[in-house]
Amino acid sequence: QVQLVESGEGSVRTGGSLKLSCAVTGLTFSNTAMGWFRQTPRKEREFVAAISWSGSVTDTDYGNSVLDRFTIFRDDAKNTVFLQMNSLEPDDTGVYYCAAARGVYLSTDPARYDVWGQGTQVVVSS
């Protein structure tokens, strides 16, 4: 059974940082692109960050609103993907979802992701 379990939810003030984790079981992690998406009060599900499957080069991609503030990285030894969020703003408030795209190198399209976590809440107050 494939499972994605997010952790690291929290509440911070503007300018603060949080680190989200997503532990993956039940699939070949090294052959899987991983992504983070979020559901905010103002927008439909929004792409946040993605990281390619493992190889000699690991590619990443970011949504414009988080570029230069968020970093996605993976630890294949632990089957875990992380999202380091710095300089958080109130507009970053939402539910953050980890997702896996099996057999996909890298994608920003939520339709390419076939397994999703349950979501974890992030609240940023001013």
Side-chain angles (χ1 to χ4, degrees):
Q1 181 180 1
V2 180
Q3 280 193 314
L4 278 60
V5 180
E6 298 109 332
S7 60
E9 68 178 21
S11 180
V12 298
R13 304 293 290 270
T14 297
S17 297
L18 281 174
K19 181 181 178 181
L20 304 183
S21 301
C22 175
V24 181
T25 57
L27 56 74
T28 306
F29 188 66
S30 60
N31 287 354
T32 302
M34 299 298 300
W36 287 94
F37 296 81
R38 66 186 181 189
Q39 184 77 50
T40 67
R42 298 184 180 183
K43 294 183 179 180
E44 297 181 351
R45 187 165 292 189
E46 176 188 10
F47 167 71
V48 175
I51 188 165
S52 67
W53 68 35
S54 301
S56 57
V57 176
T58 300
D59 290 318
T60 57
D61 204 346
Y62 295 92
N64 289 336
S65 61
V66 307
L67 193 61
D68 297 329
R69 299 188 298 122
F70 291 12
T71 302
I72 186 172
F73 57 101
R74 62 192 296 159
D75 184 339
D76 284 1
K78 297 181 179 179
N79 279 16
T80 302
V81 63
F82 303 91
L83 184 68
Q84 177 66 47
M85 305 185 293
N86 298 327
S87 302
L88 283 161
E89 304 165 351
D91 282 351
D92 294 318
T93 294
V95 178
Y96 283 69
Y97 297 89
C98 172
R102 288 177 286 187
V104 174
Y105 178 71
L106 178 69
S107 181
T108 65
D109 182 358
R112 302 293 304 278
Y113 289 80
D114 57 336
V115 187
W116 292 77
Q118 80 286 356
T120 190
Q121 180 73 52
V122 171
V123 176
V124 184
S125 58
S126 57

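All values derive from a computational prediction rather than experimental measurement.
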Hits for side chain to side chain contact (heavy atoms under 4.5 Å, CB included) against Thr60, two or more places apart or cross-chain, chain-then-number order -> Ile51, Tyr62, Ile72
All N/O donor-acceptor pairs, side-chain side in residues 26-36, below 3.5 Å, sequence neighbours left out:
| unit_1 | atom_1 | unit_2 | atom_2 | d |
| --- | --- | --- | --- | --- |
| Thr32 | OG1 | Thr28 | O | 2.9 |

Apart from Phe73 itself, members of its ILVMFWY cluster (side-chain separation under 4.5 Å) are Phe82
The reported gap from CZ in Arg112 to CZ in Arg102 (rounded to nearest 0.5 angstrom) is 13.5 Å
Value for OG1 (Thr25) from CG (Leu4), rounded to nearest 0.5 Å, stands at 7.5 Å
Contacts of Glu46 meeting salt bridge (Lys or Arg N to Asp or Glu O under 4.0 Å) (sequence neighbours excluded), chain-then-number -> Arg38, Lys43
Contacts of Asp75 meeting salt bridge (Lys or Arg N to Asp or Glu O under 4.0 Å) (sequence neighbours excluded), chain-then-number -> none
Under a side-chain separation threshold of 4.5 Å, the hydrophobic residues clustered together with Tyr105 are Trp53, Leu106
- Check the hydrophobic clustering (I, L, V, M, F, W, Y; side-chain heavy atoms under 4.5 Å; chains of links allowed) and say if Val123 and Val12 are grouped together. no
Applied to residues 51-90, the disulfide (SG to SG under 2.5 Å) test, sequence neighbours excluded, yields none
Is a side-chain N or O of Gln39 found less than 3.5 angstrom from the main chain of Tyr96, in a donor-acceptor match? no
Examine distances only and state if a side-chain atom of Ser65 and a backbone atom of Gly63 form a donor-acceptor pair shorter than 3.5 Å. no
Q) Do Val122 and Thr93 have side-chain heavy atoms sitting under 4.5 Å apart? A) no
Salt bridge (Lys or Arg N to Asp or Glu O under 4.0 Å) filter on Asp91, not counting sequence neighbours, yields Arg42
If we ignore hydrogens and angles and just use 3.5 Å, is the side chain of Ser87 paired with the main-chain N or O of Gly15 as donor and acceptor? no
### Query
Hey, mind stepping through Val24 and Gln3 against side chain to side chain contact (heavy atoms under 4.5 Å, CB included) and telling me if it holds?
CA-CA 6 Å; Val24 181; Gln3 280 193 314; over 6 Å; no
Leu20 and Gly8 have their tightest heavy-atom pair at CD2-O, 3.5 Å
- prompt: Taking side chain as C-beta onward, heavy atoms only, is Gln118 less than 4.5 Å from Glu6?
  reply: yes
Besides Trp116, the hydrophobic cluster formed by Ile, Leu, Val, Met, Phe, Trp and Tyr side chains linked at under 4.5 Å, directly or via other members, contains Phe37, Phe47, Val95, Tyr97, Tyr113
Q.
Please determine whether side chain to side chain contact (heavy atoms under 4.5 Å, CB included) holds for the pair Leu18 and Leu88, giving the CA-CA distance in whole Å, both sets of side-chain angles, and the decisive distance to 0.1 Å.
A. CA-CA 8 Å; Leu18 281 174; Leu88 283 161; 4.1 Å; yes
Review point. Can you tell me if CZ on Arg45 sees more than 12 non-hydrogen neighbours from other groups inside 6.0 Å?
Key: yes
For residues 45-126, the disulfide (SG to SG under 2.5 Å) pairs (sequence neighbours left out) are Cys22-Cys98
Excluding Val57, membership of its hydrophobic cluster (Ile, Leu, Val, Met, Phe, Trp, Tyr; side-chain heavy atoms within less than 4.5 Å) reads none
Sorted by chain and residue number, the side chain to side chain contact (heavy atoms under 4.5 Å, CB included) partners of Asn86 (sequence neighbours excluded) come out as Ser17, Gln84
Inset, instruction - Check whether more than 12 heavy atoms from other residues, nucleotides or ligands sit under 6.0 Å from atom CZ of Arg69, and answer yes or no. - result: yes
Of all heavy-atom pairs linking Ser107 and Val104, the shortest is CB-CG1, 4.0 Å
Q) Could you go step by step and tell me if Val48 and Leu83 meet the side chain to side chain contact (heavy atoms under 4.5 Å, CB included) rule? A) CA-CA 9 Å; Val48 175; Leu83 184 68; 4.0 Å; yes
